[in-house]
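Take a look at the structure set out below.
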Amino acid sequence: MRPVAAGRTITRNTPDTSSMALIVQKYGGTSVGSVDRIENVAKKVIGYRGQGHDVVVVVSAMSGETDRLIGLAKAIDPRPNPRELDVLISTGEQVTIALLCMALEKHGQPARSYTGAQVRILTDSAFTKARILAIDGENIRSDLAQGRVVVVAGFQGVDEDNNITTLGRGGSDTTGVALAAALKADECQIFTDVDGVYTTDPRIEPRARRLDRITFEEMLEMASLGSKVLQIRSVEFAGKYNVPLRVLSTFQEGNGTLITLEDENMEAALISGIAFSKDEAQITVTGVPDRPGIAFGILGAVSDANIEVDMIVQNIGRDGTTDFTFTVHRNDFERALEIVQGKAVELGAREVNGDRKIVKVSLVGVGMRSHAGIASRMFQALAREGINIRMISTSEIKISVVIDEKYLELGVRTLHEAFQLDQAPAA
Ligand code: ADP
Ligand code: ASP
Ligand code: MG
């Protein structure tokens, strides 16, 4: 295979079509959601081949398929055996790789499909949320050298004992970026149903604006705070291995959004975007005796059950007691509540309340580092709409608030307007 160009840069503003390159392209569920759409992807890939590029394609399951498979599993057992669940849900992607290869071959483009195990995408053994440890690129390189397009099933791998594993929802993004890193591809292109990364989810705020660029750091925050356009681990990988990463539309032409290192040509934006998460639930313990070891007593038990705690707030104690509130993923809510109820009795707390109907809305932007007053502008905008803030947490480049679920859309739109995110910042 021809050598991959050394000294890759990630400052190009347009997709790499200038010279021969190795491109990894990932197509998401909607992009391969029907036979016609798979044929459309085949034509696009053949177009890139026609420009002289080597192409490795990663595909998701057809849209809705992974949910359907999870539904089947849960119809048998609400908490299915994780190893078997991975055997089941990895099948969605296996369907798509075969169909796409058939479409490519029909149009005269030699192609070969691989499951994650066939490539040997080695992962740890954390079923349903496995992490990629190593990738053997040998077969892929040899196929590319023979003029084939290689089509790899996203979202899956294999552990040391040859068990099939999956990488967590949205995991095909991570397969794409990890393959791009392993093969030292010139660019990893994530093709989806939007034409880039927007200031917020355009389904919630139609006035959201596409960003030409966003930094790895901001994208990482956006992803970890709920923006599902890229799986968080894919952004981590891209940052760590310096993979040029771009989000593009399968259905329309354009340069999409480049995820890049920070540089002086970046938009001088204070806030890059608004992320939100509907996956949260809140647990409050009231009347807890205010003494050392209480936080550990409650949260230690939750963490022993492998439940991740997100935001935590402890009120100032009064009359020897205090209140303690935290959030967990909604999927863990019932289990966490049960554990905390048990602990509350032990610790002599007055009451435990849970609320699933909350959401987290976050402002993200590297510009926050150098500007004061963003938080107060945020709180004022929400207050003007009568939106009550239940919890707040901040870090260097983000501010998150927990609000009632019913205010999600109003909250996002209000903040989008308050920070004028529909307008490009002045250079
Ligand atoms: P795919 O199936 O291609 O992986 P996803 O549904 O996982 O696609 O991701 C694309 C979706 O992400 C978009 O349709 C959009 O609704 C949502 N999304 C959330 N936040 C953003 C954002 N900031 N910019 C663009 N899309 C976003
Ligand atoms: N099919 C998997 C999912 O729906 C992985 C992916 O699409 O990225 O989560
Ligand atoms: Mg996705």
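None of these values were measured; they are calculated from a predicted model. For ligands, and for the atoms within them, numbers begin at 1 and follow the listed sequence.
- By the 4.0 Å heavy-atom criterion, G226 is excluded from the residues contacting ligand 1.
- Across R356, R390, K360, K278, a single residue satisfies salt bridge (charged side-chain N to carboxylate O under 4.0 Å, His left out) together with D404, and that is R390.
- In this structure, E84 places its CD atom where more than 12 heavy-atom neighbours from other residues, nucleotides or ligands lie under 6.0 Å away.
- No heavy atom of Q231 sits closer than 4.0 Å to any atom of ligand 1.
- At under 3.5 Å, a nitrogen or oxygen of G29, whether backbone or side chain, sits near a nitrogen or oxygen of ligand 1.
- Residue G170 places a heavy atom less than 4.0 Å from ligand 2.
- In terms of polar-atom proximity, S31 is not counted as a contact of ligand 1, lacking any N or O under 3.5 Å from an N or O of the ligand.
- At under 3.5 Å, not a single nitrogen or oxygen of D173, backbone or side chain, sits near a nitrogen or oxygen of ligand 2.
- Counting protein heavy atoms only, atom 7 (O) of ligand 2 is closest to S60 OG, 3.0 Å.
- With contacts defined as side-chain heavy-atom distances shorter than 4.5 Å, the pair L261/F216 qualifies.
- Between F191 and Y27, the angle of the ring planes stays under 30°, which puts this pair in the parallel group of the 30/60° scheme.
- Taking a cutoff of 4.0 Å between a charged side-chain nitrogen and a carboxylate oxygen, D332 and R330 do not qualify as a salt bridge.
- Nearest protein heavy-atom contact of atom 7 (O) of ligand 1 is K228 O, 3.4 Å.
- In the displayed structure, R369 atom CZ is contacted under 6.0 Å by more than 12 heavy atoms of other residues, nucleotides or ligands.
- Between the side chains of T165 and T123, a donor-acceptor pair is found at a separation under 3.5 Å.
- Between D193 and ligand 1, at least one N/O pair is under 3.5 Å apart.
- Remark: minimum distance from atom 25 (C) of ligand 1 to any protein heavy atom is reached at G196 O, 3.4 Å.
- Only side-chain heavy atoms of K26 come within less than 4.0 Å of ligand 1; its backbone N, CA, C and O stay farther off.
- The shortest side-chain heavy-atom distance between R384 and Q380 falls under the 4.5 Å cut-off.
- The distance criterion of under 3.5 Å between nitrogen or oxygen atoms is not met by G168 with respect to ligand 2.
- For ligand 1, the polar-atom distance check against T192 finds a nitrogen or oxygen pair separated by under 3.5 Å.
- For ligand 1 and V197, the ligand atoms under 4.0 Å from any heavy atom of the residue are 24 (N).
- Scanning L230, T257, V229 for the heavy atom closest to atom 12 (O) of ligand 1 points to V229.
- Within the listing of ligand 1, atoms 22 (C), 23 (N), 24 (N), 25 (C) sit less than 4.0 angstrom from a heavy atom of Y198.
- Remark: distances from the non-hydrogen atoms of G171 to ligand 2 include one below 4.0 Å.
- Counting heavy atoms only, R169 comes closest to atom 3 (C) of ligand 2 of the residues R169, Q156, E65.
- In E93, the part holding a heavy atom less than 4.0 Å from any atom of ligand 2 is the side chain.
- Taking all atoms of both residues into account, the shortest heavy-atom contact from S277 to G226 is CB-CA, 4.2 Å.
- Only the side chain of R203 comes within 4.0 Å of ligand 1, judged by heavy-atom distances.
- Using a 4.0 Å threshold on non-hydrogen atoms, atom 3 (O) of ligand 1 counts as touching the protein.
- Surrounding CD of E138 are at most 12 heavy atoms belonging to other residues, nucleotides or ligands under 6.0 Å away.
- Contacts between I190 and ligand 1 below 4.0 angstrom, taking non-hydrogen atoms only, are absent altogether.
- Side-chain contact of Y407 with E405: a donor-acceptor pair under 3.5 Å is absent, judged by distance alone.
- Where the criterion is an N or O separation shorter than 3.5 Å, residue side chain and backbone included, K26 fails it with respect to ligand 2.
- One side chain, R120 or N162, offers a donor N or O that lies under 3.5 Å from an acceptor on the other.
- Within 6.0 Å of atom CD in Q423, more than 12 heavy atoms from other residues, nucleotides or ligands are found, so the atom counts as buried in its surroundings.
- For D201, heavy-atom contacts with ligand 1 shorter than 4.0 Å involve the backbone as well as the side chain.
- By the 6.0 Å contact criterion, CD on Q94 is open, its count of non-hydrogen atoms from other residues, nucleotides or ligands being 12 or less.
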